[in-house]
Colleague: 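Here it is: the structure, laid out below.
In what follows, chains are A, B, ... by sequence order, proteins preceding strands, each numbered from 1.
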Number of protein chains: 2
Amino acid sequence: MSTPCHCVQLRKAARKIGAQYDAALAPIGINIAQFSLLRAVERGQPVSLTELGRTLDLDRSTMGRNVRVVEKLGLVRLDRGEDQREAVVSLNEHGVAVLRLAEPLWERCQRQVADQLGPTRLQLLGELSQLF
Amino acid sequence: MSTPCHCVQLRKAARKIGAQYDAALAPIGINIAQFSLLRAVERGQPVSLTELGRTLDLDRSTMGRNVRVVEKLGLVRLDRGEDQREAVVSLNEHGVAVLRLAEPLWERCQRQVADQLGPTRLQLLGELSQLF
DNA sequence: GATCGTTGCGGGCATATACCCCTTATTCAT
DNA sequence: ATGAATAAGGGGTATATGCCCGCAACGATC
């Protein structure tokens, strides 16, 4: 019979786990994609959209849109870089505050997921993301 | 320092693998989500949107939209069920033909991905999707 | 048979994601 | 120095996905 599609399996797992993280972060009004973005901004700030895209391995245009969302939430500032083509992103105070509030929620969820999966399968995730 | 987020890792892997399947299926004009949907329709036809959503573990409204896409591609037929509330989906001839064409492309990609991952990680991936 | 709770869909809204094309800015080779 | 190639963004388009709300149909109960 038909083997399950590896891709479909992976997407399903990603959806389910994503929903867990989203629920964990919901109390402060951000989701896991936004949390991940804010962390990347904090690590690199001020950082261009292209650079962010490289870091998070997302399309440049996707970055532009995702950044616009957190900008609308009032969490980041967008400026022009020295290179006049670049749009550089940094956290504003609100963004920093939200990130600090989010971190413990994220950590708790991260631990729960780790428990759900167990060490072997958890290691798989790291290996998978390395492979690509 | 900051541990990588399990969710972000998973999403990244899913994006990357998804892109491989999408590229493999591109010659016949469908993507992996649509392929997966067409297979589910064939297995269950005629099948209601709610039932499909349960099978694929997707939100009902998502199913409605995804089905509309393959309908626009001319691959499925939508009818009313006996229960007048139900919209039931079946493949039309074109849908069957496309599915038959897609299968070998999908299988090749599936094998390539399996090789990339190796048996151990592949097994873990199966376990992972079972967890949900 | 009228009513009420349940179920199935569709539409609205929002986000994440990718691709393509266009404009503008920078860089590089001649 | 100048013209070509390249890089950064922005906007358009499209799909996948989820939540919420409202409408319509169904079924059980009175």
Colleague: Could you check A:V88 against B:N66 and say which one's nearest nucleotide on DNA chain D is further toward the 5' end?
Modeller: A:V88
Colleague: In this structure, how many angstroms lie between the P atom of C:dA16 and the CZ atom of A:R60, rounded?
Modeller: 18 Å
Colleague: Under 4.0 Å, heavy atoms only, any strand: does B:T62 hit a base, just the sugar-phosphate, or nothing?
Modeller: base
Colleague: Considering just the side-chain nitrogens and oxygens of A:N31, establish if one lies under 4.0 Å of OP1 or OP2 belonging to C:dT15.
Modeller: no
Colleague: Using whole Å, what does the distance between atom P of nucleotide C:dG10 and atom CG of B:D59 come to?
Modeller: 13 Å
Colleague: Categorize A:K72 for me: base, sugar-phosphate, or nothing, with a 4.0 angstrom heavy-atom threshold over every strand shown.
Modeller: sugar-phosphate
Colleague: Please determine if A:E42 and A:R100 form a salt bridge, counting it only when a charged side-chain N lies under 4.0 Å from a carboxylate O.
Modeller: yes
Colleague: Between A:A33 and B:G64, which is nearer to the 5' end of DNA chain C once each is assigned its nearest nucleotide?
Modeller: B:G64
Colleague: Taking CG from B:L52 and P from C:dG8, how many angstroms apart are they, rounded to a whole number?
Modeller: 13 Å
Colleague: Answer yes when B:R68 and B:E71 have at least one side-chain N-carboxylate O distance shorter than 4.0 Å, and no when they do not.
Modeller: no
Colleague: Could you give the CG-to-P distance, from A:L56 to C:dT17, as a whole number of Å?
Modeller: 9 Å
Colleague: When rounded to the nearest 0.5 angstrom, what distance separates CG in A:L10 from CZ in A:R15?
Modeller: 10.5 Å
Colleague: Tell me the interatomic distance from B:K12, atom NZ, to C:dT17, atom C1', rounded to whole angstroms.
Modeller: 16 Å
Colleague: Tell me, please, whether B:W106 has B:R39 positioned over its six-membered ring: NZ or CZ under 6.0 Å from the ring centre and within 45 degrees of its axis?
Modeller: yes
Colleague: Nucleotide range of DNA chain D contacted by chain B, 5' to 3', under 4.0 Å to a heavy atom?
Modeller: D:dT15 to D:dC26
Colleague: In whole Å, I'd like the distance from the CD1 atom of A:I30 to the P atom of C:dA16.
Modeller: 10 Å
Colleague: With a 3.5 Å cut-off and heavy atoms only, can you find an N or O donor on one side and an acceptor on the other between the side chain of B:R85 and the base of C:dT7?
Modeller: yes
Colleague: Between C1' on C:dA16 and CD on A:E71, what's the gap in Å once rounded to a whole number?
Modeller: 17 Å
Colleague: Output the rounded distance in Å from CG (B:L49) to C1' (C:dT7).
Modeller: 13 Å
Colleague: With a cut-off of 6.0 Å (strictly less than), are more than 12 heavy atoms of other residues, nucleotides or ligands near CD of A:E107?
Modeller: yes
Colleague: Map A:R11 and A:R54 onto DNA chain D by nearest heavy atom, then report which one ends up closer to the 5' terminus.
Modeller: A:R54
Colleague: Is the closest side-chain donor-acceptor distance between A:Q45 and A:S90 under 3.5 Å?
Modeller: no
Colleague: Name the nucleic acid region contacted by B:S61, choosing base, sugar-phosphate or nothing; use a 4.0 angstrom heavy-atom cut-off, strictly under.
Modeller: base
Colleague: Under 4.0 angstrom, heavy atoms only, what part of the nucleic acid is B:D83 near: base, sugar-phosphate, or nothing?
Modeller: sugar-phosphate
Colleague: Counting only distance, no hydrogens or angles, is the base of C:dG11 paired donor-acceptor with the side chain of B:R68 under 3.5 Å?
Modeller: no
Colleague: With a cut-off of less than 4.0 Å, is there a side-chain N or O of A:R80 near OP1 or OP2 of C:dT24?
Modeller: no
Colleague: Determine, step by step, whether A:R80 and A:E86 satisfy the salt bridge (Lys or Arg N to Asp or Glu O under 4.0 Å) criterion, reporting the C-alpha distance in whole Å, the side-chain angles of both residues, the deciding distance to 0.1 Å, and the verdict.
Modeller: CA-CA 6 Å; A:R80 282 286 135 189; A:E86 284 183 351; over 6 Å; no
Colleague: Need one value for B:R15: base, sugar-phosphate or nothing, where a base atom within 4.0 Å counts as base even if backbone is also close, heavy atoms only.
Modeller: sugar-phosphate
Colleague: Does a donor on one side chain sit under 3.5 Å from an acceptor on the other, for B:Q116 and B:Q20?
Modeller: yes
